[in-house]
Amino acid sequence: MEDFMLITRPRGTEDILPENISGWYLLEATARELSYLYGYREIRTPIFEHTEIFNRGVGDTTDIVEKEMYTFKDRGGRELTLRPEGTASVVRAFLEHRMDAQGLPVKLFYLGPMFRYGRPQAGRLRQFHQFGVEAFGSMDPGLDAEVIALAMNFYRALGLEDLELHLNSVGCPECRAKYREELKGYLEPYLKELCNTCQGRFERNPLRIFDCKSSVCQEIVAKAPTVVLSLCEDCSDHFKRVQGYLETLGIDFILDEHLVRGLDYYTKTAFEIMVKGIGAQSSIGGGGRYDGLVENLGGKSVPGIGFGLGLERVLLTLQAQGKDLPQINKIEVMVVTVGADLNKEAVRLLANLRAAGFKADKDYLERSLKAQMKYANRCKARIALILGEEEFKRGKVLVRDLETGSQEEVPLEEVVDFCRQKKESGW
RNA sequence: GUGGGUGUAGCUCAGUUGGUCAGAGCACCAGGUUGUGGCCCUGGGGGCCGUGGGUUCGAGUCCCAUCAUCCACCCCA
């Protein structure tokens with residue numbers, strides 16, 4: 001192993017440093033609060049699963065499965081994969097624990113790291129984090145709307161602006177198969193004009209040609225028949241009712257007939273939330289219905305719907321839109337000593353402050369008063385409690401307000417209360 | 001997997017056609033103020049100039065490779 005590897009993080013991973021942690025606390029807290037508000041309960045599944053779960057769940061013709069998974073054998077020879085997304089694992093857990101036996105629907109949410117191997121760029125990492133929800137057991141289009149509303153409210157709670165909700169229906173296996181043939185029929189005459197990748201997609205997954213960014217393909221596909229027109233009655237009705245519920249909830253959406261999600265399991269409702277300003281990546285979340293997935297993974301036929309959204313991209317968007325995040329790592333009170341050895345007193349006072357709920361600290365480098373004050377300033381402390389020889393002999397402590405610069409003597413035994421009062425009255 | 005840009009101090013970056021080129025600002029530490037932070041002044045510690053080869057009397061500078069990083073394609077969150 002090269003030396004540099006010892007202190008270099010693996011490509012496409014990030015250290016989240018103390019100065020950047022506030023945003024994560026905010027996202028995680030918002031996700032949890034909102035989920036519970038909507039009746040979703042948290043589930044934590046392993047970070048790796050049997051590879052087969054993803055092959056079967058996500059679909060083995062998808063890019064994710066074909067070339068983006070971290071797959072390895074453990075010492076017992078098991079084929080394992082670091083999860084590239086959340087849904088397959090949650091469905092597996094749903095089945096393994098017979099969660100349907102407790103009555104449907106089952107509404108779950110998760111928060112955690114996902115892994116996909118690809119060239120890193122703005123908004124794309126090999127280890128990234130998602131917040132997602134999954135709801136099992138109901139075909140009600142109202143549930144589709146609820147899931148979408150939850151996602152949109154997450155962004156709104158954080159103050160994000162200029163989001164676009166793209167909505168489509170990819171139909172059920174029956175009408176999709178029918179549509180697939182229709183689309184192929186339309187594309188056939190243009191086959192040679194399509195870009196190389198799309199020529200390959202023609203047989204395997206012609207719907208994905210809609211996603212192609214080549215202008216030639218876009219032009220051809222622009223006049224292609226759309227999924228929506230070939231939806232069966234059930235799917236078409238479902239789609240209309242989802243839209244009706246969204247309108248009821250006051251959620252704007254853009255009908256996007258070209259929206260095709262990259263995971264194979266979606267049926268009927270598919271959606272994606274787009275935003276500008278975070279580089280070439282514009283999708284900060286997406287999801288849809290997956291009525292066949294549970295059965296596919298060996299369970300009974302239980303419908304499901306969910307979303308997954310990328311927390312790094314949400315953070316990038318917050319930054320791009322100039323939202324500042326609350327600082328949670330400020331020290332409130334710094335205990336400072338000067339003169340004779342008052343360290344024991346300082347330690348005692350510090351303990352009392354902390355017991356009273358103050359974020360408090362002291363110097364441990366035997367630094368000068370000046371250096372200690374500087375440190376207090378750097379820690380953004382509001383108050384410096386200065387223990388000086390002379391005051392201490394009289395049983396007093398100097399309380400210095402580092403923001404206003406005012407300073408007064410307070411009896412040692414009253415100083416914690418004094419700080420509390422200052423804090424309660426807004427310092 | 002493909003393409004392009006960039007790697008010099010903890011950070012942001014200067015460094016002229018190869019010849020004091022080891023630099024600045026910020027940050028850090030100390031002093032000015034022998035008991036008081038922020039502003040100011042003075043000083044200090046810190047660099048295998050990403051790594052390995054090559055060209056040359058001489059390479060931070062040119063060439064090759066490699067790694068890392070950023071951006072884009074691809075794909076998606």
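Just so it is clear, the structure is predicted and the values come from calculations on it, not from any experiment. Throughout, a chain's letter reflects where its sequence line sits, starting with A, and its residues are numbered from 1.
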* Within the distance-only criterion (no hydrogens, no angle test), does the side chain of Arg382(A) pair as donor or acceptor with the backbone N or O of Val333(A) below 3.5 angstrom? -> no

* Side chain of Ala122(A) only, please: which of A72(B), A77(B), G37(B) is the nearest? => A72(B)

* Looking across every strand, which nucleic acid part, if any, lies under 4.0 Å from Leu125(A) by heavy atom: base, sugar-phosphate, or nothing? -> base

* Nucleotide A77(B), atom P - distance to CD of Gln127(A) in whole Å -> 17 Å

* Is the number of heavy atoms from other residues, nucleotides or ligands under 6.0 Å of Phe418(A) CZ greater than 12? -> yes

* So which one's nearest nucleotide on RNA chain B is more toward 5', Ser368(A) or Lys374(A)? -> Ser368(A)

* Steps toward salt bridge (Lys or Arg N to Asp or Glu O under 4.0 Å) verdict (Glu409(A), Arg394(A)) -> CA-CA 10 Å; Glu409(A) 278 190 9; Arg394(A) 304 196 312 270; 2.5 Å; yes

* To do: Would you indicate which nucleotide in C29(B), U36(B), C70(B) comes nearest to any side-chain atom of Arg367(A)?
  => C29(B)

* To do: Just call it for Gly339(A): base, sugar-phosphate, or nothing, with non-hydrogen atoms closer than 4.0 Å on any strand.
  => nothing

* Across the strands shown, which category fits Gly279(A) at heavy-atom distances under 4.0 angstrom: base, sugar-phosphate, nothing? -> sugar-phosphate

* **Which nucleotide in C74(B), G1(B), G37(B) has an atom nearest any side-chain atom of Arg119(A)** => G1(B)

* Which value, in whole Å, describes the distance between the C1' atoms of nucleotides A27(B) and G10(B)? -> 7 Å

* How is Lys370(A) classified with respect to the nucleic acid when contacts are heavy atoms under 4.0 Å: base, sugar-phosphate, or nothing? -> base

* Asked: Atom CG of Asn377(A) to atom C1' of C29(B): distance rounded to whole Å?
  -> 16 Å

* **Presence of donor-acceptor pair under 3.5 Å, side chain of Arg11(A) and base of C67(B)** => no

* **Donor-acceptor pair (no angle test) under 3.5 Å: Gln407(A) side chain, U36(B) base** => yes

* Could you tell me the separation between the CD atom of Glu409(A) and the P atom of U36(B), rounded to a whole number of Å? => 16 Å

* Asked: Are Lys107(A) and Tyr38(A) in a cation-pi setup, meaning NZ or CZ lies under 6.0 angstrom from the ring centre and within 45 degrees of the ring axis?
  -> no

* With heavy atoms under 4.0 Å as the rule, sort Glu390(A) into base, sugar-phosphate or nothing. => base

* To do: Indicate, with yes or no, if the rings of Phe48(A) and Tyr70(A) have centres closer together than 6.0 Å.
  => no

* To do: Establish whether the base of G38(B) is bridged to the side chain of Arg378(A) by a donor-acceptor pair shorter than 3.5 Å.
  => no

* Asked: When you compare C41(B) with A24(B), how far apart are their P atoms, in angstrom units rounded to a whole number?
  -> 15 Å

* Would you confirm whether the ring centroid of Phe109(A) sits within less than 6.0 angstrom of the ring centroid of Tyr40(A)? => no

* Within this structure, what is the CZ-to-C1' distance between Arg382(A) and G38(B), rounded to whole angstrom? -> 14 Å

* **Lys184(A) to Tyr186(A), cation-pi by 6.0 Å centre distance and 45° axis angle** => no

* Asked: For Arg124(A) and U69(B), is the shortest distance between a side-chain N/O and OP1 or OP2 below 4.0 Å?
  -> no

* Structure fact -> What residues 14-38 of chain A contributes to the RNA chain B interface at heavy-atom separation below 4.0 Å is none

* To do: State which of G37(B), U36(B), A77(B) makes the closest approach to the side chain of Arg116(A).
  => A77(B)

* Using the P atom on both, measure U51(B) against U8(B) and round to a whole Å. => 10 Å

* Please report, rounded to the nearest Å, how far the C1' atom of C29(B) is from the CD atom of Glu366(A). => 16 Å

* Nucleotide nearest Ala280(A) (side chain, heavy atoms from C-beta), chosen from A72(B), A77(B), G38(B) -> A72(B)

* State which residue, out of Arg354(A), Lys380(A), Arg378(A), fulfils the salt bridge (Lys or Arg N to Asp or Glu O under 4.0 Å) condition with Asp361(A). => Arg354(A)

* Taking the P atom of each, how far is G7(B) from U61(B), in whole Å? -> 11 Å

* Structure fact -> Scanning all shown strands, the Watson-Crick or wobble mate of G1(B) with both distances under 3.5 Å is C73(B)

* Under 4.0 Å between any heavy atoms, over every strand shown, what does Gln281(A) touch: base, sugar-phosphate, or nothing? Just pick one. => base

* For Ile284(A) and A77(B), give me the distance from atom CD1 to atom C1', rounded to whole Å. => 9 Å

* Establish whether the base of C74(B) is bridged to the side chain of Glu68(A) by a donor-acceptor pair shorter than 3.5 Å. => no

* Paired with G23(B): which nucleotide, if any, by Watson-Crick or G-U wobble criteria at under 3.5 Å for both distances? -> C13(B)

* Hey, which of Ile53(A), Val90(A), Val58(A), Ile47(A) is the one that makes side-chain contact (heavy atoms from CB on, under 4.5 Å) with Arg83(A)? -> Ile47(A)

* Go ahead and name the base partner of A65(B); Watson-Crick or wobble counts if both distances stay under 3.5 Å, otherwise write none. => U51(B)

* Test salt bridge (Lys or Arg N to Asp or Glu O under 4.0 Å) applied to Asp401(A) and Lys422(A), step by step -> CA-CA 10 Å; Asp401(A) 185 322; Lys422(A) 260 182 97 71; 3.4 Å; yes

* Watson-Crick or G-U counterpart of G44(B), or none if no pair lies under 3.5 Å -> C28(B)

* C1' atom, A14(B) versus G3(B): distance in rounded Å? -> 30 Å

* RNA chain B: Gly388(A) or Ser282(A), which has the more 5' nearest nucleotide? -> Gly388(A)

* Asked: What nucleotide among C70(B), A77(B), U36(B) has an atom nearest to a side-chain atom of Gln130(A)?
  -> A77(B)

* Provide the distance between the two P atoms, one in G47(B) and one in G38(B), to the nearest whole Å. => 27 Å

* Asked: With rounding to whole Å, what would you report as the distance between C49(B) and G60(B) at their C1' atoms?
  -> 5 Å

* Check the distance between U69(B)'s C1' and Gln121(A)'s CD and give it to me in whole angstrom. => 13 Å

* Asked: Over how many whole Å does the gap from Glu391(A) atom CD to U36(B) atom P extend?
  -> 12 Å

* Asked: What nucleotide, of C71(B), A77(B), G35(B), holds the atom closest to the side chain of Leu369(A)?
  -> G35(B)

* Asn168(A) and His258(A) side chains, donor-acceptor separation under 3.5 Å -> no

* Indicate whether Tyr375(A) forms a stack on G37(B); treat it as stacked only if centroid distance is below 5.5 angstrom and interplanar angle below 30 degrees. => no

* **Mate of A59(B) where both pairing distances stay under 3.5 Å, Watson-Crick or G-U** => none

* Using atom P of each nucleotide, how far apart are C62(B) and U20(B) to the nearest Å? -> 16 Å

